[in-house]
2 protein chains.
Amino acid sequence: MVKIVDVAREAGTSVATVSRALNNNDRVDPQLAARVRAAAEKLGYRPNHLARSLRRQRSNLWLLIISDIEVSFFTSVARGVEDIAVANGYSVVLCNADEDETKESQYIQLAAAEHAAGVIISPHSTQTQIDRLAADSIPVVVIDRSIAAPVDWVMVDSRGGALAATEHLIRQGWQRPACVTGPRSAETAMLRRLGYEDALRAAGIRTRRVAHRSFHLDGGRAGAASLLDRDRPPDSFFVANAALALGVLQELHARGLRPGRDVGLICFDDAPWAPFIDPPISVVAQPAYRIGTQAATLLVDRIGGTADAAPRRVVLGTDLILRESSVHP
Amino acid sequence: MVKIVDVAREAGTSVATVSRALNNNDRVDPQLAARVRAAAEKLGYRPNHLARSLRRQRSNLWLLIISDIEVSFFTSVARGVEDIAVANGYSVVLCNADEDETKESQYIQLAAAEHAAGVIISPHSTQTQIDRLAADSIPVVVIDRSIAAPVDWVMVDSRGGALAATEHLIRQGWQRPACVTGPRSAETAMLRRLGYEDALRAAGIRTRRVAHRSFHLDGGRAGAASLLDRDRPPDSFFVANAALALGVLQELHARGLRPGRDVGLICFDDAPWAPFIDPPISVVAQPAYRIGTQAATLLVDRIGGTADAAPRRVVLGTDLILRESSVHP
DNA sequence: CTGAAAGCGCTAACAA
DNA sequence: TTGTTAGCGCTTTCAG
């Protein structure tokens with residue numbers, strides 16, 4: 001391992017000058033700086049981030065903690081985050097909390113222990129504890145779901161999107177829309193349910209048909225099954241995310257019910273496969289990449305700026321993409 | 001920030017003893033150790049990984065560098081890796097190289113700069129340079145694709161899986177199978193092509209219908225289009241991964257060709273949506289989770305063991321899952 | 001079994 | 001503008 005003192009010796013100068021030349025370049029003789037860079041190059045010098053971060057008390061590493069890596073929404077977000085981060089000299093690593101509270105808290109610990117420069121997180125629940133980060137004054141930006149702490153966040157208008165989707169179902173002529181959503185602990189699950197209920201209320205439909213399940217395929221299947229087993233089963237479904245929708249589709253298929261003919265179906269979040277399902281699925285699309293860039297921009301500001309500025313909140317709109325699954329025959 | 005010296009003061013002992021008590025516990029008086037732990041607990045002490053790693057010259061962090069996070073195969077691998085890593089006291093973070101050589105090399109640099117304990121990587125190409133890691137004696141395990149360096153790796157039998165898939169197509173009665181695969185630089189792309197050709201050879205089919213494209217939806221669409229525009233177009237497709245398959249489906253749909261009726265279709269890698277496509281897609285399934293656990297196990301051994309032991313190679317078999325898309329009417 | 005002290009590689013006062 | 005040097009927080013000899 002070649003270290004800074006080796007470069008100093010090679011360039012015939014001191015470690016301080018090497019450090020200065022290789023970093024900000026602030027007030028070091030251009031010729032000397034060039035010599036230093038040449039020496040560093042020749043020796044293949046790579047700064048040791050550990051030592052640097054320990055000394056500086058801050059690193060260049062961001063942790064992006066996402067609640068479920070299998071959700072393509074998050075992978076698009078990640079791309080947005082990364083593009084902005086890299087442009088500002090940070091590296092981003094991903095942590096998959098897998099909707100598991102324990103894993104999530106371990107990653108939060110990790111961010112603190114590794115002295116991350118910043119954290120972007122889609123919290124498992126509104127109760128997710130980020131005190132560990134606040135205590136070490138590591139800036140945090142929350143995405144997708146909100147949290148019981150005064151931090152910056154970026155979200156989509158879940159309630160509005162759900163309202164639009166359910167309204168669409170009703171306008172198509174479906175009479176008894178149901179809502180299959182995530183666990184009560186997930187704010188997006190609740191907001192999407194509320195949007196669904198807004199639409200029912202506006203249309204004067206009294207019966208709420210709601211199933212809360214885990215945000216997974218199995219949850220979708222179970223939710224749809226329980227709803228369909230009721231006395232007056234739903235004739236259409238607003239589903240709160242893509243994984244759930246896959247489960248709902250499975251259950252519909254098992255019962256010989258075809259979306260766009262026997263039942264209506266629309267879901268939140270546009271998955272890459274949604275246009276290829278039989279029939280193609282209508283969705284509420286989220287601006288995932290833009291959520292990532294927005295969150296990253298907030299984080300860059302927060303790292304550079306004053307810690308005690310008031311939290312900033314960004315809410316992005318959704319787009320309704322209509323395909324065949326929601327058509328009323 | 002509470003540090004080790006604070007704990008020492010609280011416990012009425014020295015930093016050395018605190019360090020020992022909090023780590024291996026090796027030959028520390030049990031009573032003293034208990035006092036130390038109590039003090040650490042009381043003060044909310046968290047070790048600073050940066051300082052520890054700098055001193056020890058090794059960290060507990062693994063980097064898992066994957067070539068495309070949108071491929072669900074990799075997310076399952078990640079889960080397998082993580083389970084083993086955590087069980088052995090390591091933390092793992094994900095890096096998405098996005099099939100981009102530059103990003104990949106930046107992550108390799110990052111692993112070196114952060115003194116990662118180990119790296120698991122699905123390399124962008126056989127030419128991926130991991131010298132940076134070898135130079136810092138950071139153990140590496142390669143997955144999914146091989147690489148021009150003597151390292152441990154874990155792969156699936158791509159060629160065998162491709163052979164089985166293509167044989168199945170032929171046995172169904174399809175006469176002119178084609179192969180839509182990834183770029184020549186990707187070893188899996190080549191191996192799957194070779195397996196396809198093995199099957200044609202065995203069946204005495206002379207005409208090779210092959211399209212190499214990028215491992216993405218667009219590539220699949222373009223590949224299928226170019227094949228279908230030939231003089232004697234294929235009547236069936238073996239597709240080298242799930243993203244490509246989506247593109248192929250798109251092109252077939254655009255031409256009014258229905259899999260399992262007008263054409264045969266089977267693809268490598270079982271995606272979560274594969275059973276829900278119209279018609280459900282036949283696939284070659286990979287033991288993704290097991291690839292992750294195997295790779296992680298190799299890495300644990302390698303970190304603990306001697307660096308110069310001969311590289312170990314693991315090849316896992318694939319499973320053919322037959323659904324409707326490959327049926328010959 | 002415990003403590004004192006020497007660094008890990010780097011940056012940032014402080015001096016020159 | 002450059003160099004000397006004191007740590008960042010921790011682990012690990014080496015003495016005791």
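Just the heavy atoms: all of them, side chains too, but no hydrogens, waters or symmetry mates, feed the values below. Below, chain A is the first sequence line, B the second, and so on; all start at residue 1.
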Heavy-atom protein contacts under 4.0 Å, nucleotides 10-16 of chain D, coded B base, S sugar-phosphate only, - none: BBBB---
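Take B:Val15 and apply the side-chain contact (heavy atoms from CB on, under 4.5 Å) test, not counting sequence neighbours, and it matches B:Ile4, B:Val5, B:Ala8. By the side-chain contact (heavy atoms from CB on, under 4.5 Å) test, A:Ser53 is found to be paired with A:Ser59, B:Leu50, residues two or more places apart in sequence or in another chain being considered. The side-chain hydrogen bond (donor to acceptor under 3.5 Å, both in side chains) search around B:Asn48 returns A:His115, not counting sequence neighbours. By the side-chain contact (heavy atoms from CB on, under 4.5 Å) test, B:Arg132 pairs with A:Arg46, B:Ile108, B:Gln109, B:Ala112, B:Asp136, sequence neighbours left out. Evaluation of the side-chain contact (heavy atoms from CB on, under 4.5 Å) rule for A:Ser125 yields A:Gln127, A:Thr128, A:Ser185 as partners, not counting sequence neighbours.
Looking at heavy-atom distances under 4.0 Å, A:Thr13 makes contact with sugar-phosphate atoms alone, never a base. Counting any heavy atom pair closer than 4.0 Å across all strands shown, B:Leu32 reaches sugar-phosphate atoms only and no base atom.
Applying the salt bridge (Lys or Arg N to Asp or Glu O under 4.0 Å) rule to pairs touching residues 32-44 of chain B yields B:Glu10-B:Lys42, sequence neighbours excluded. Residue pairs meeting the ring pair (Phe, Tyr, Trp, His ring centres under 6.0 Å) criterion with at least one member in residues 61-113 of chain B, sequence neighbours excluded: B:Trp62-B:Tyr90.
A:Leu43 places its CG atom 14 Å from the P atom of C:dG9, with the value rounded to the nearest Å. One interatomic measurement links the two molecules: CG of A:Leu22 to P of D:dT2, which rounds to 14 Å at whole-angstrom precision. Atom CG in A:Leu50 sits roughly 13 Å away from atom P in C:dT11 (whole-Å rounding). D:dG3 atom P lies 11 Å from atom CG of A:Asp29, rounded to whole Å.
Helix-axis bend for the helix from C:dC1-D:dG16 to C:dA16-D:dT1: the local axis fitted to the five terminal pairs at one end deviates from that at the other end by 40°, rounded to 10°.
Side chains of A:Glu104 and A:His124: a donor-acceptor N/O pair is absent below 3.5 angstrom, by distance only.
Put simply, B:Gln57 has a side-chain N or O that comes within less than 4.0 Å of OP1 or OP2 on C:dG9.
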